Student: 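A single structure is presented below for examination.
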Amino acid sequence: QYTKALDYFFKGLKISEELGDKAQISAKLGNIGSVYLQQNDYPQALEYYFRTLRIDEEAGDKKGIALVNGNIGIVYTYMKDHKKALAYYTKAKEIDESINNKYGVATQLDNMGIAYSDMAETFEAGSAAYDSLLRKSLLHHTQALKLNEELGNQNRLASCNNNIGTVYYDRFKASGKTEDLNNALKYFSNSLKISEETGNNDCKAMNLGNIGVIYAASKQYTKAEEYLMKTLSFSNEFNFQETRSTALLQLSDLYEKIQQPEKALMYYKMHTELRDSLFNETKSQQIAEMQTRFEVDKKEKELELFRQEQI
């Protein structure tokens, strides 16, 4: 499917270039970048996003500039370069604010919240830096939630609630405060309800598991088992392998807590088998990370040189 999509977009790009239609050239380049992003080909994704950015900057298309800056931020998020991701998300938000694009602002606020949470994970849980970054994450996710509620943007509300629930659960793991745990359950439950209403199956599967974990943490083991079994079944039905792997491990942990060692071992073995399978699928990507970094740096230098030439 990726090959067919690229073939389609490259053909469209050629036609747009022959017609000199800059708007369509930008759109096709962005589409190509997005396909490469889905393939985890980060250098190629950045290559085409940067080309899109150049055209949009030349045309003064602020909405397009904001969009592609956000997309570049997503690439850096996947590459775990959280500072660069945050810088591009921030730039996108500022541009969206300048043109009153509230949908864009809401999206970038949520992305910035994710970036702050990712940065927090690089510090020791409970440290001052960790707590500070989680507070920033919570602030941005909450602002995104409020704005999406004003816009009636149901497609984003499920992810906003899920993200806020995740931050509260991370805080609970560091603080042990019941208030944080209760807030996590509240937002995961909100996200589950919205995802069911909108047919967002991926988010639904994650939230079933998240709620199961919350019940396990609060020692409501019967409810925990119920929700973890639901997420396992749902993940099997829709072939969400990462979520399934997580659910198997969570079930193993649950049965260990309630002293059912045979079940704990069974689910742990199932988890490790699936985890190893998924690891083998991504191993080549991890091996290629050094080359990826080199290519990304090269693309950034090319963009900076281009900008200097335009001055």
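Atom set for the values below is all heavy atoms of this structure, side chains included, hydrogens, waters and symmetry mates excluded. Model, not experiment: these values are computed from the prediction.
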Student: Within the distance-only criterion (no hydrogens, no angle test), does the side chain of Asn162 pair as donor or acceptor with the backbone N or O of Ala158 below 3.5 angstrom?
Tutor: no

Student: For Glu242 and Thr246: C-alpha separation, side-chain torsions, deciding distance, then whether side chain to side chain contact (heavy atoms under 4.5 Å, CB included) applies.
Tutor: CA-CA 6 Å; Glu242 290 284 356; Thr246 300; 5.6 Å; no

Student: I want to check something: taking the side chain as every heavy atom from C-beta on, are Leu139 and Arg135 in contact at a cut-off of under 4.5 Å?
Tutor: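 No, too far: nothing below the 4.5 Å cut-off.
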
Student: Enter the distance from Ser195:OG to Leu157:CG here, rounded to the nearest 0.5 Å.
Tutor: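 Nearest 0.5 Å value for the OG-CG distance: 11.5 Å.
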
Student: Distance check, rounded to the nearest 0.5 Å: Tyr215 atom OH versus Asn210 atom CG?
Tutor: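 Separation between the atoms: 12.5 Å.
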
Student: Going by side-chain heavy atoms closer than 4.5 Å, which hydrophobic residues are tied to Tyr268, directly or by a chain of links?
Tutor: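 Members alongside Tyr268: Leu249.
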
Student: To the closest 0.5 Å, what do you measure between CD (Gln154) and OG1 (Thr198)?
Tutor: 7.0 Å

Student: With salt bridge (Lys or Arg N to Asp or Glu O under 4.0 Å) as the rule and sequence neighbours excluded, what pairs involving residues 162-176 come up?
Tutor: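 As it turns out, the salt bridge (Lys or Arg N to Asp or Glu O under 4.0 Å) pairs with a partner in residues 162-176, which skip direct neighbours, are Asp170-Lys173, Arg171-Asp180.
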
Student: Can you name the residues that form a side-chain contact (heavy atoms from CB on, under 4.5 Å) with Asn182, not counting sequence neighbours?
Tutor: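 Here the qualifying residues are Thr178.
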
Student: Closest heavy-atom contact between Gly209 and Leu228?
Tutor: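 Minimum heavy-atom separation between Gly209 and Leu228: O-CD2, 3.7 Å.
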
Student: Could you tell me the separation between the NE2 atom of His141 and the CE atom of Met112, rounded to the nearest 0.5 Å?
Tutor: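 The distance works out to 11.0 Å.
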
Student: For Lys11, which residues count as a salt bridge (Lys or Arg N to Asp or Glu O under 4.0 Å) partner, sequence neighbours excluded?
Tutor: Asp7

Student: Val68, Leu109: one ILVMFWY side-chain cluster at the under-4.5 Å cut-off?
Tutor: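 No: no chain of side-chain contacts under 4.5 Å links Val68 to Leu109.
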
Student: Looking only at heavy atoms, what is the nearest atom pair of Ala224 and Ala216, with distance?
Tutor: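 So the minimum-distance heavy-atom pair works out to CB-N, 3.5 Å.
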
Student: Should the heavy atoms of other residues, nucleotides or ligands under 6.0 Å from CD of Gln143 be counted, would the total exceed 12?
Tutor: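 Yes, CD of Gln143 has more than 12 neighbouring heavy atoms, counting only those of other groups under 6.0 Å.
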
Student: Quick check: do Asn69 and Ile65 have side-chain heavy atoms less than 4.5 Å from each other?
Tutor: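 Asn69 reaches Ile65 side chain to side chain.
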
Student: Going by the salt bridge (Lys or Arg N to Asp or Glu O under 4.0 Å) test, which pairs reach into residues 227-236, not counting sequence neighbours?
Tutor: Glu226-Lys230

Student: Quick one: which residue pairs count as a side chain to side chain donor-acceptor pair (under 3.5 Å) with a foot in residues 94-106, not counting sequence neighbours?
Tutor: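 Residue pairs passing side chain to side chain donor-acceptor pair (under 3.5 Å), neighbours aside: Lys93-Glu97, Asp96-Asn101.
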
Student: What residues join Ile15 in its hydrophobic cluster, counting side-chain heavy atom gaps under 4.5 Å, either direct or through other members?
Tutor: Leu19

Student: Could you check if a side-chain atom of Thr166 sits within less than 4.5 angstrom of a side-chain atom of Phe188, using non-hydrogen atoms only?
Tutor: yes

Student: Less than 4.5 Å apart, side chain to side chain, heavy atoms only: is that true for Tyr221 and Lys219?
Tutor: yes

Student: Rounded to the nearest 0.5 Å, what separation is found between the CG atom of Leu53 and the CZ atom of Arg51?
Tutor: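 Output value for this atom pair is 13.0 Å.
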
Student: Is the shortest side-chain heavy-atom distance between Ile211 and Leu192 below 4.5 Å?
Tutor: yes

Student: How long is the straight-line distance from OG of Ser252 back to NZ of Lys263, given to the nearest 0.5 Å?
Tutor: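 Reported value, rounded in 0.5 Å steps: 12.5 Å.
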
Student: What's the verdict on salt bridge (charged side-chain N to carboxylate O under 4.0 Å, His left out) for Arg54 and Glu58, showing C-alpha distance, side-chain angles and the deciding distance?
Tutor: CA-CA 6 Å; Arg54 291 174 187 174; Glu58 290 172 354; over 6 Å; no

Student: Would you say Ser132's side chain and Ala128's backbone share a donor-acceptor pair under 3.5 angstrom?
Tutor: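 Such a contact is absent between Ser132 side chain and Ala128 backbone.
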
Student: How would you list all residue pairs meeting ring pair (Phe, Tyr, Trp, His ring centres under 6.0 Å) that involve residues 145-180, not counting sequence neighbours?
Tutor: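 Of all non-adjacent pairs touching residues 145-180, those that pass ring pair (Phe, Tyr, Trp, His ring centres under 6.0 Å) are Tyr168-Tyr187.
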
Student: Going by side chain to side chain donor-acceptor pair (under 3.5 Å), name the pairs with one or both residues in residues 116-129, residues two or more places apart or in two chains.
Tutor: Ser117-Ser137

Student: Please say which of Asp56, Asn31, Thr52 ends up in a side chain to side chain donor-acceptor pair (under 3.5 Å) with Ser26.
Tutor: Asp56

Student: Once salt bridge (Lys or Arg N to Asp or Glu O under 4.0 Å) is applied, what residue pairs with a partner in residues 232-241 remain, sequence neighbours excluded?
Tutor: none

Student: So with a 6.0 Å cut-off around CD of Gln259, is the heavy-atom count from everything else above 12?
Tutor: no

Student: Pairing donors with acceptors under 3.5 angstrom, does anything connect the side chains of Tyr49 and Ser34?
Tutor: yes

Student: Do any pairs count as a salt bridge (Lys or Arg N to Asp or Glu O under 4.0 Å) and have a residue in residues 138-158, sequence neighbours left out, and if so which ones?
Tutor: Asp110-Arg156

Student: Between Thr231 and Ala205 (side chain of the first, backbone of the second, donor and acceptor by atom type, cut-off under 3.5 Å), is there such a pair?
Tutor: yes

Student: Remaining members of Leu6's ILVMFWY cluster at a side-chain heavy-atom cut-off under 4.5 Å?
Tutor: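 Same cluster as Leu6: Tyr2, Tyr8, Phe9, Phe10, Leu13, Ile25, Leu29, Ile32, Val35, Tyr36, Tyr48, Ile55.
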
Student: Please find the pair of heavy atoms, one from Gln24 and one from Ser16, that lie closest to each other, and give the distance.
Tutor: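 Closest approach of Gln24 to Ser16: CB-OG, 3.3 Å.
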
Student: Where does the angle between the aromatic ring planes of Tyr267 and Tyr255 fall among parallel (under 30°), tilted (30 to 60°) and perpendicular (over 60°)?
Tutor: parallel

Student: Could you check His140 against Asn111 for side chain to side chain contact (heavy atoms under 4.5 Å, CB included), going step by step and ending with a plain yes or no?
Tutor: CA-CA 8 Å; His140 285 78; Asn111 286 337; over 6 Å; no

